[in-house]
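Notes follow once the structure below has been shown.
Values reported hereafter were calculated over all heavy atoms of this structure, with side chains retained and with hydrogens, waters and symmetry mates removed. In each ligand, atom 1 is the first atom listed, and ligand 1 is the first ligand listed.
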Amino acid sequence: MNDPTPPTVDYPLPSGEHGAPSPLFDTLRREHHLARIRTASGQVTWLVTRHADITAIATDRRFSRDLTRGNTVALPRDDFNAVPGGIFNLDPPDHSRVRRILQPHFSPAAAGALQPAVAAHAHRLIDALAQGPNPADLVAAYSRPLALHMACELMRVPAEQRARIVGDLRVQMDTVAPSVLVGSSTAHLLEFADEVLATPPGSGPVAALTRAHEAGTISADELRGTVMYLFLTSAEPVMGPTTTGVYTLTRHPDILHRLQDSGDSDEPWDEAVWELLRFHHNSNSSLPRVATEDVTLSGTTIRRGDHVITPFVAASNDPARFKAPHKFRTGRAAAEDPQVTFGSGPHYCLGVNIARMHLRTALRTLWQRLPRLTLAVKHQDVPWEPREFLFTRPTHLPVVW
Ligand code: HEM
């Protein structure tokens, strides 16, 4: 039975136990098609928790991702939504024009071309780990530096240059950081994009965007905003899943042993990565959308100008779609839609192939080199980021091998 009065909940939502999605998603999904959520800045907007509603909104042209035209929702505050022209904030056909330029640099073939470099960095980091103290913190020794190396290879910038924005990225992921701090970090990230564009790399996504701008295919704002978003996205989203991947596989030794015995085939690891991403997901929220006209969804009218938040983690844990969603198990049917972890519709994650390759390489190489690696503490004692941090991930992961 659906309660006709949508409840209002406060952001950030309560955390789930040990990196599980917020339990509030289950309650809301069961009892209400749509809920209201009060964001950190006090605005009240719509919150959607069912797979069917989330994918319907993400693929419905009546919902726009361009929140830069004023009346913007602040979740997180002045961040992803504040940069006009950036790929996150474009709607088709402008979005398709910019995305088409980037697509070849994020294809399965491009991910395959990047794989040997990621594997080489993984081996170097494991060499250092093996020579240092045992136990050690996997986040500091492996998950974080490997993500940074991958992002530098992808974006063709030196690690020392990219290191200058690490603090700004942390602020962007803090969904209750003071607006003034978020605003200055956004400004700094845009200056960084300008600096990279002053002497652009000769190849890769930044070079492709630069050439498209010179040819008049994309505007100066589209160039600058999209380069900024690529720096924002390339490393941060894979750090958490590398760590939660190790955390979860050590808690499911039967699955881990099957993977370790699976020989040269990528397939079992690929399948495990889909399920690892579904199980913990990565981000506890999603990019808001705005209704460009009145839309009636399951009997409730979302008014033109209303904002809607569609956490893909709520979709990937909906029991209407996933059998026993709170269970980690490989071999789920494709019909369950594991892809929804990466979104749906035109803004479906551009980095999906790179992210999957990165995680497969990171996890597989780690256990190839250190086959007995496991947690050095009880899983209940692993510390997680606070619920206001955009990504659900441990701050540290003590491991022993
Ligand atoms: C496991 C890691 C990742 C996850 C779970 C993830 C998830 C997502 C999701 C859910 C969206 C859609 C947001 C929405 O429509 O509300 C998205 C978009 C995007 N992601 Fe990822 N992502 C990951 C890694 C990456 C990586 C490594 C990159 C590399 C640059 C990347 C780049 C992007 C970009 C540029 C978009 C916006 C695409 C567009 O607007 O057309 N992501 N991602």
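Taking 4.0 Å as the cut-off between side-chain N and carboxylate O, Asp127 and Arg124 do not count as a salt-bridged pair. Salt bridge annotation for Arg289-Asp60: absent, with no cationic side-chain nitrogen under 4.0 angstrom from a carboxylate oxygen. A salt bridge does not link Arg304 with Asp294: every distance from a Lys NZ or Arg NE/NH1/NH2 to an Asp or Glu carboxylate oxygen is 4.0 Å or more.
Considering only non-hydrogen protein atoms, atom 36 (C) of ligand 1 sits nearest to Phe88 CE2, 3.6 Å. Nearest protein neighbour of atom 30 (C) of ligand 1, counting heavy atoms only, is Thr233 OG1, 3.4 Å. Of the protein's non-hydrogen atoms, the one nearest atom 29 (C) of ligand 1 is Ser234 CA, 3.7 Å. The nearest protein atom to atom 13 (C) of ligand 1, hydrogens excluded, is given as Leu287 CD1, 3.7 Å; this is a heavy-atom distance. Nearest to atom 40 (O) of ligand 1 among the protein's heavy atoms is His347 ND1, 2.5 Å. At the top of the distance list for atom 11 (C) of ligand 1, counting protein heavy atoms only, stands Phe342 O, 3.8 Å. Protein heavy atom nearest atom 2 (C) of ligand 1, with residue, atom name and distance: Pro237 O, 3.4 Å. In this structure, atom 34 (C) of ligand 1 lies nearest to the protein heavy atom Leu350 CB, 3.9 Å.
Under the 30°/60° scheme for interplanar angles, the aromatic rings of His121 and His149 are found to lie parallel.
Checked by distance only, ligand 1 and His281 stay at 3.5 Å or farther apart across all their nitrogen or oxygen atoms. For ligand 1, none of its N or O atoms has an N or O atom of Asn282 under 3.5 Å away.
At a 4.0 Å cut-off, not a single heavy atom of Ile354 sits close enough to ligand 1 to count as contact.
The atoms of ligand 1 that sit less than 4.0 Å from any heavy atom of Thr341 are 10 (C). In summary, the atoms of ligand 1 found under 4.0 Å from a heavy atom of His95, numbered by their order in the structure, are 39 (C), 40 (O), 41 (O). Less than 4.0 angstrom separates some heavy atom of Ile87 from each of these atoms of ligand 1: 39 (C), 40 (O), 41 (O). Near Ala355, with a cut-off below 4.0 Å to any heavy atom, the atoms of ligand 1 are 1 (C), 2 (C), 24 (C). The contact set between ligand 1 and Leu277, taken as ligand atoms under 4.0 Å from a residue heavy atom, comprises 1 (C). Every atom of ligand 1 with a heavy atom of Pro346 under 4.0 Å away is listed here by number and element: 41 (O). Residue Gly343 has at least one heavy-atom neighbour below 4.0 Å for each of these atoms of ligand 1: 10 (C).
Ranked by closest heavy atom to atom 31 (C) of ligand 1, the top entry among Ala58, Gly351, Ser285 is Gly351. Considering only non-hydrogen atoms, atom 16 (O) of ligand 1 lies nearest to Arg289 out of Arg65, Arg99, Arg289, Met239. Evaluated by nearest non-hydrogen atom to atom 17 (C) of ligand 1, the leading choice among Ala151, Ala235, Cys349 is Cys349.
No part of Leu90 comes within 4.0 Å of ligand 1, judged by heavy-atom distances.
Counted by atom type alone, Ser143 and Thr243 present one or more donor-acceptor pairs between their side chains at under 3.5 Å. A donor-acceptor contact closer than 3.5 angstrom is absent between the side chains of Glu385 and Thr395.
A 4.5 Å side-chain heavy-atom check between Val290 and Asp306 finds every atom pair outside the cut-off. Between Arg329 and Lys323, some side-chain heavy-atom pair lies under the 4.5 Å cut-off.
Residues that satisfy the salt bridge (charged side-chain N to carboxylate O under 4.0 Å, His left out) test with Arg387, not counting sequence neighbours, are absent from this structure.
Relative to the six-membered ring of Phe192, Arg164 misses at least one condition, a distance below 6.0 Å or an angle of at most 45° to the axis. The cationic atom of Arg332 (NZ for Lys, CZ for Arg) does not lie both less than 6.0 Å from the six-membered ring centre of Trp274 and within 45° of the ring axis.
Proximity of a side-chain donor or acceptor of Thr226 to a complementary backbone N or O of Ile87 within less than 3.5 Å is detected.
His280 and Trp384 have their aromatic ring centers within a separation under 6.0 angstrom.
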